[in-house]
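Encoded as structure tokens, the structure appears first; notes follow it.
A, B, ... follow the sequence lines: proteins, then strands. Residue 1 opens every chain.
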Amino acid sequence: MSDEKIPSQPDLDSPLSELAALLDARHQAQDEILRGQRPPPGLKPPRLLDRVAGVDSALFLRAPPPPAPTPKLSPTLPTHSSPGIAESTMSPDDTIAKTYDPHAIERARYARWEQTGCFTPQGRDAPYCIMLPPPNVTGSLHMGHAFQDTLMDALIRYHRMQGFRTLWQCGTDHAGIATQMVVERQLGLKGTSRHELGRERFVDAVWDWKAESGGTISQQLRRMGASMDWSRERFTMDEGLSEAVTEVFVRLYEEGLIYRGKRLVNWDPVLNTAISDLEVVATEEQGHLWHIRYPLEDGTGSVVVATTRPETLLGDAAVAVHPDDERYQAMIGKRVTLPLCDRTIPVIADTYVDPAFGSGCVKITPAHDFNDYAVGERHNLPKLNIFTDNACINDEAPAAYRGLDRFEARKRVVADLAALNLLVKVDDHKLMVPRGDRSQAVIEPYLTDQWFVRIAPLAEPAIACVEDGRIRFVPENWSKTYFEWMRNIEDWCISRQLWWGHRIPAWYAEDGSIHVGRTEREARANSGLAADVPLRQDADVLDTWFSSALWPFSTLGWPAQTPELSTFYPTSVLVTGFDIIFFWVARMIMMGLKFMGDVPFHEVYIHGLVRDAEGNKMSKSKGNILDPIDLIDGIELEPLVGKRTTGLMRPEDAPKIEAATRRQFGEGIPSYGTDALRFTFASMATQGRDVRFDLGRIEGYRNFCNKIWNASRYVLMTVGTAPLAAPGSRGGLAERWIRHRFGQALGAVRDGFDAYRFDLAAQAIYEFIWDEFCDWYIELAKVSLNDPGTSDEHKQIVRRTLLEVLEAALRALHPLMPYITEELWLKVAPLLGASAETVMTQPYPRQADYPADPAAAAEVDWLKTVVLGVRRIRAESNLEPARKIPLQVKGGSADERVWLGECAPYIQTLARLERIERVEHARSDATAALAGETTLLVPLLDLIDPAVEADRLAKEIVRLEQDLARVNAKLGNESFVARAPAEVVEKERKRAADNADAIERIQTQLRKLRPEA
RNA sequence: GGGUGCUUAGCUCAGUCGGGAGAGCGUCGCCUUUACACGGCGAAGGUCGUGGGUUCGAACCCCUCAGCACCCACCA
């Protein structure tokens, strides 16, 4: 396998090329090397490691002379690349390389598509539109994107070829927190910070960073072959999209659906911002449960409370017990002295307390715990905030703790309690720790002023539209997840204390009053404020998902009523992962219904998440990331190790990651090309929740590319400029059969696309091309074309069929493998008189044009059975494959007798027969197989070992008898015969009869070999 | 605590309507066969997680149990 890792790009400065040049330049093989093609068999290419070490190519000098030159096409074969486009794998004399090389093709093809405007919606037919989930503008393509984009592009190309007015709306997301963090990190490396720069200059710095790195992902999307309409590319902080954000905010505010309030929110003390519930991830961690004694103020005793966060004691407002808890009845209403603090707090009764947990007493800290907040509200407790924005103890706490970080304060509090003998015990305790999904910081419930969306009124219609089917989830069960969340939804905190994002269109007067408007001017006008009243705009920005929620209509021009908006909204389907159903899908549905009065899409296709071969989530910190571009282009081991081990959050993991990488990719990653990668993704798109990315799959599909390449090469070489039959000529058996099979395959492909079963669509087309077209039809066609007895007329039909089916199969495959199909189609189609510039806008083949032909199917199925039967005999009798053998046939139905006559030439060649003869009695030294009612006999006087053959037949009889016994048992069951559908019963009866007949015939044969049997 | 999935060949996974268990990769054997060795031909390999139920018939429908995964959630 190591032989496969030769880099495919020509590199004329490398020692490889110099050495190659030393060899006879006239040799075909050398031409191939210089053109970047694979060397012929026997020539060992250098390994990647050798190249890295700079010691390659010695192997080339020892290499044997290359074999015969590659066959050539007629020099008059038309070529169809446009001027300025690299002629890729075609050498100047029109030789097609023996091995598919994606690199020579992909970039030029893509540039050509983009230049000619193929990606913009065309025509006036029914619209088809997909919204690209906007990737982070400064991000780079990961496997999840590549997977998702492959599926979307397949849908887009499939529908475009069917004539839909197809729009794939693309763009990028400003990704507030993520982008701000990146830029802040960079500033940190330069020894400065955003605070030093100030807001305005910081935001400028982010725009600079966007300008610098914002093109990365769109270039990578192009490498994937994504046919999105780049002319309509949008950015969530574009002027137009920002206008949409403001418009939505103001309208929701005016309707009372956005409000500002002091609430307990999830606070990230590292990023210094509020975040929404969804951005908090709870992780199970090992901690402690501290049991602390609070003495009663009257000295009559004490209570013991348990806590996982002892520092919050400083903000306690009460101790709560269950109202029915007999142990504490006497204490309810009394006060306890709060240790370390110079104050007392009440003992209250609340059903929130679980008497069975811990001591049955709970400390209540309303300002720092969501439950306690609710208890505090019920009992009118003060909300004592003891933290600063970055979670240090503030001045509300006793002087001894002020300024301490929360974890430092925890240690100090615990130590002080122990010193006072108030620490009863400390237990190990597993708890769920809330962490920010971006910063990984421990989140604190924190009391601040924030903006919220009142979500229930928006959620209600959003639930209804999924219930009544206006939006359909695929797979359907994701709607359950959606309902579950939507029915328990909480108000959405949309303000963020960041600098990068959409500013909130709210202004404050000095008296603290709030004025909302599309502009400051409008805000003043709304409130009747004079122009000279000083106003200060809210410093916060909106949650990034607020603008993402508007994506399906903001990108189409809303709030303006554009033609695009009326044409493409609602969009056709949303393709996304289940991880953002709540973040994005639900919110788009709510906003779309609210502002467009209609759903944003009719279907939501939820795909799985890409994981590594072991099923682990791919992450930088695990060092198991695969870069889709590396799979396309290949990467040598050292750079791969480098990529995986730099920029780690935990640099100490580097050695482990390096070792694992070297183990798994000892020779780097070979180049597979975009089409193989895309086909792999499509075939992994099953209904499951996660998809494991396995290099074996992509290698297999790279081989598939090569198979297609070579099948096309054969067809081009065979047909050349030879005359073809007129279109529509009725073919022979094989021609009718392959058309029939193609029609069936097209049906399966269509069903696959319709159901978003890309795996089934991919499988159908893979099997058609490899198992039917290559393995059988091309071989059958060769028989006709190579037989001197074939009429010219028939040969012309065979050539046309080869071309037509190949040409249509390339179109059928195009949505999944755009590059190789384009490349080959442009060579194949002209031979049929087609002269388009691209296959991309050609009609998708229709099943109706390849109607079923059951007669041809039955006959070829029988033909295949005969050939397979002989091949099996040959293999199991250890006959040399090259040796031509005689075949005798005996018996057979009327149809089969006719078929044998018609198929004899095919059978003779494909089964490598010397002759076929009909006999009435089998010789005893013959091996036998069955094809329908026909018995196949291969007399092998000199080679057969009767014992071996007898064993083989005996085994076959056992197999048939087992099957017969099962079928007979079924038929012997009266209920089965009485209750099963007649056709099922009939089928079983026929099967029993067939089996019995087959057993009889094999037994006859066996008795001749083994008379005692 | 609530919810959702998953368990089929050595591995990764299909299996649509309940009616003869499939593919790819891997393994084994043969083969440089004029498109392709990134290939061809052939083969081996499965008690469909467990136990029960419904049915003439269950990988598939229902229930039980076991194992695994994920999502949501305020038990200190």
Side-chain angles (χ1 to χ4, degrees), chain A residues 1 3-4 38 41-42 67-68 70-71 96 98-100 277 282 289 305-309 320 352-354 356-359 361-365 369-374 429 431-432 445 477-478 480-481 484-485 488 578-579 581-582 609 613 615 670 676 683-684 686-697 699-718 751 755 757 759-760 763 766-767 774-775 778-779 782 786 868 871-872 874-876 878-882 912 963 966-967 970 973-981 983-985 987-988 991:
Chain A
M1 285 293 109
D3 294 4
E4 308 321 321
R38 188 165 302 283
T70 312
I96 299 185
K98 205 171 170 187
T99 304
Y100 175 55
D277 300 344
L289 193 57
V305 299
T307 181
T308 53
R309 295 186 299 155
Y352 153 69
V353 180
D354 175 4
F357 186 90
S359 63
C361 294
V362 186
K363 59 191 275 308
I364 301 296
T365 321
D369 183 283
F370 288 99
N371 288 314
D372 294 5
Y373 183 88
H429 184 69
L431 70 161
M432 298 302 278
N477 51 288
W478 285 110
K480 288 184 190 170
T481 305
E484 189 67 19
W485 187 69
N488 298 293
F578 59 80
D579 52 333
I581 290 178
F582 307 147
L609 264 35
S683 66
M684 294 191 319
T686 60
Q687 305 272 40
R689 292 184 163 212
D690 46 40
V691 288
R692 296 190 184 200
F693 194 89
D694 176 8
L695 280 183
R697 291 289 283 273
E699 184 176 336
Y701 294 128
R702 188 269 322 265
N703 295 352
F704 179 49
C705 289
N706 194 49
K707 190 76 179 176
I708 298 165
W709 185 259
N710 276 290
S712 303
R713 201 161 70 95
Y714 168 76
V715 172
L716 289 169
M717 287 187 306
T718 302
D751 291 347
R757 287 300 304 270
D759 59 325
L760 299 182
Q763 190 185 350
Y766 179 98
E767 287 173 356
C774 293
D775 285 354
I778 287 184
E779 297 307 319
K782 281 179 188 171
N786 294 338
L868 292 171
R871 282 178 181 166
R872 188 169 177 173
R874 190 190 276 285
E876 291 181 356
N878 294 322
L879 292 181
E880 306 146 51
R912 297 194 151 257
D963 197 53
R966 211 177 41 72
V967 175
K970 227 176 193 184
N973 182 339
E974 282 173 33
S975 325
F976 171 74
V977 178
R979 301 197 190 197
E983 59 180 55
V984 173
V985 177
K987 208 170 117 192
E988 294 294 325
R991 189 167 165 188

* **Cation-pi, Tyr714(A) ring and Lys782(A) (6.0 angstrom, 45 degrees)** => yes
* Atom pair distance, as rounded to whole Å: CZ in Arg874(A) and P in rG42(B) -> 11 Å
* Asked: Side chain of Lys98(A), base of rC36(B): donor and acceptor closer than 3.5 Å?
  -> no
* To do: Output the single nucleotide from rC75(B), rC72(B), rA35(B) whose closest atom is nearest the side chain of Tyr714(A).
  => rA35(B)
* Dot-bracket notation for RNA chain B, counting Watson-Crick and G-U pairs under 3.5 Å, with | for partners on another strand -> (((((((..((((.....[..)))).(((((.......))))).....(.(((..]....))).))))))))....
* Structure fact -> To the nearest angstrom, the CZ-C1' distance between Phe370(A) and rA73(B) comes to 13 Å
* To do: Taking only the side-chain heavy atoms of Ala306(A) (C-beta and beyond), determine which of rA76(B), rG24(B), rA35(B) contains the nearest atom.
  => rA76(B)
* To do: Could you list the residues that satisfy salt bridge (charged side-chain N to carboxylate O under 4.0 Å, His left out) with Glu767(A), not counting sequence neighbours?
  => none
* To do: Salt-bridge test for Asp372(A) and Lys363(A): reply yes if a basic N is under 4.0 Å from a carboxylate O, no otherwise.
  => no
* To do: Between Cys705(A) and Trp478(A), just flag the one whose closest nucleotide in RNA chain B comes earlier from the 5' side.
  => Trp478(A)
* Asked: Between rA35(B), rG20(B), rG42(B), which nucleotide has the shortest distance from any of its atoms to the side chain of Arg871(A)?
  -> rG42(B)
* Which nucleotide in rA35(B), rA76(B), rC72(B) has an atom nearest any side-chain atom of Phe582(A) -> rC72(B)
* Asked: Can you tell me how far C1' in rU55(B) sits from the matching atom in rG18(B), rounded to whole Å?
  -> 9 Å
* Is Asp694(A) salt-bridged to Arg692(A), going by a charged N under 4.0 Å from an acidic O? -> no
* Among rA76(B), rG19(B), rG2(B), which nucleotide sits nearest the side chain of Val984(A)? -> rG19(B)
* Report yes if at least one side-chain N or O of Asn703(A) is closer than 4.0 Å to OP1 or OP2 of rG39(B); otherwise report no. => yes
* Asked: Reading nucleotides 9-16 of chain B from the 5' end, what letters show protein touch, with B for base, S for backbone sugar-phosphate only, - for no heavy atom under 4.0 Å?
  -> ---SSSS-
* Asked: Considering only side-chain heavy atoms of Lys782(A), which listed nucleotide, rA35(B), rA76(B), rC38(B), is closest?
  -> rA35(B)
* Structure fact -> Out of rG19(B), rA35(B), rU4(B), minimum distance to the side chain of Arg713(A) belongs to rA35(B)
* Hey, is the main chain of Thr365(A) close enough, under 3.5 Å, to the side chain of Asp369(A) for a donor-acceptor pair? -> no
* Asked: What nucleic acid atoms does Met432(A) come within less than 4.0 Å of, heavy atoms only: base, sugar-phosphate, or nothing?
  -> base
* Without swapping roles, check the side chain of Asp759(A) against the backbone of Ser683(A) for a donor-acceptor pair under 3.5 Å. => no
* Checking all strands, does Arg872(A) fall into the base, sugar-phosphate, or nothing category for heavy-atom contacts under 4.0 angstrom? -> sugar-phosphate
* To do: Side chain of Arg689(A) only, please: which of rA35(B), rG19(B), rC70(B) is the nearest?
  => rC70(B)
* Asked: Under 3.5 Å, is there a donor-acceptor pair between the side chain of Asn706(A) and the main chain of Arg702(A)?
  -> no
* Asked: Just how far, in rounded Å, is C1' of rA35(B) from CZ of Phe704(A)?
  -> 15 Å
* Pair Asp963(A) + Arg966(A), salt bridge at N-O below 4.0 Å -> yes
* Asked: Expressed in angstrom and rounded to an integer, what is the separation of Asn371(A) atom CG from rC74(B) atom P?
  -> 8 Å
* Is the backbone of Arg912(A) close enough, under 3.5 Å, to the side chain of Arg874(A) for a donor and an acceptor to pair up by distance? -> yes
* Is there a donor-acceptor contact under 3.5 Å from the side chain of Asn710(A) to the main chain of Lys98(A)? -> yes
* Structure fact -> Of the candidates rU4(B), rG20(B), rA35(B), the side chain of Arg966(A) sits closest to rG20(B)
* Lys707(A) side chain near rG39(B) phosphate (N/O to OP1/OP2, under 4.0 Å) -> no
* Picking from rA43(B), rA35(B), rA76(B), which would you name as closest to the side chain of Glu876(A)? -> rA43(B)
* Asked: What is the distance from CZ of Arg702(A) to C1' of rC36(B), rounded to the nearest Å?
  -> 12 Å
* Asked: Start at the 5' end of RNA chain B and walk down; is the nucleotide closest to Val715(A) or to Leu868(A) reached first?
  -> Val715(A)
* What is the distance from CD of Glu779(A) to C1' of rG40(B), rounded to the nearest Å? -> 9 Å
* To do: Identify whether any heavy atom of Asn488(A) sits under 4.0 Å from a base atom; if not, whether one sits that close to sugar-phosphate; answer base, sugar-phosphate or nothing.
  => nothing
* Using whole Å, report how far CZ of Phe578(A) lies from P of rC71(B). => 7 Å
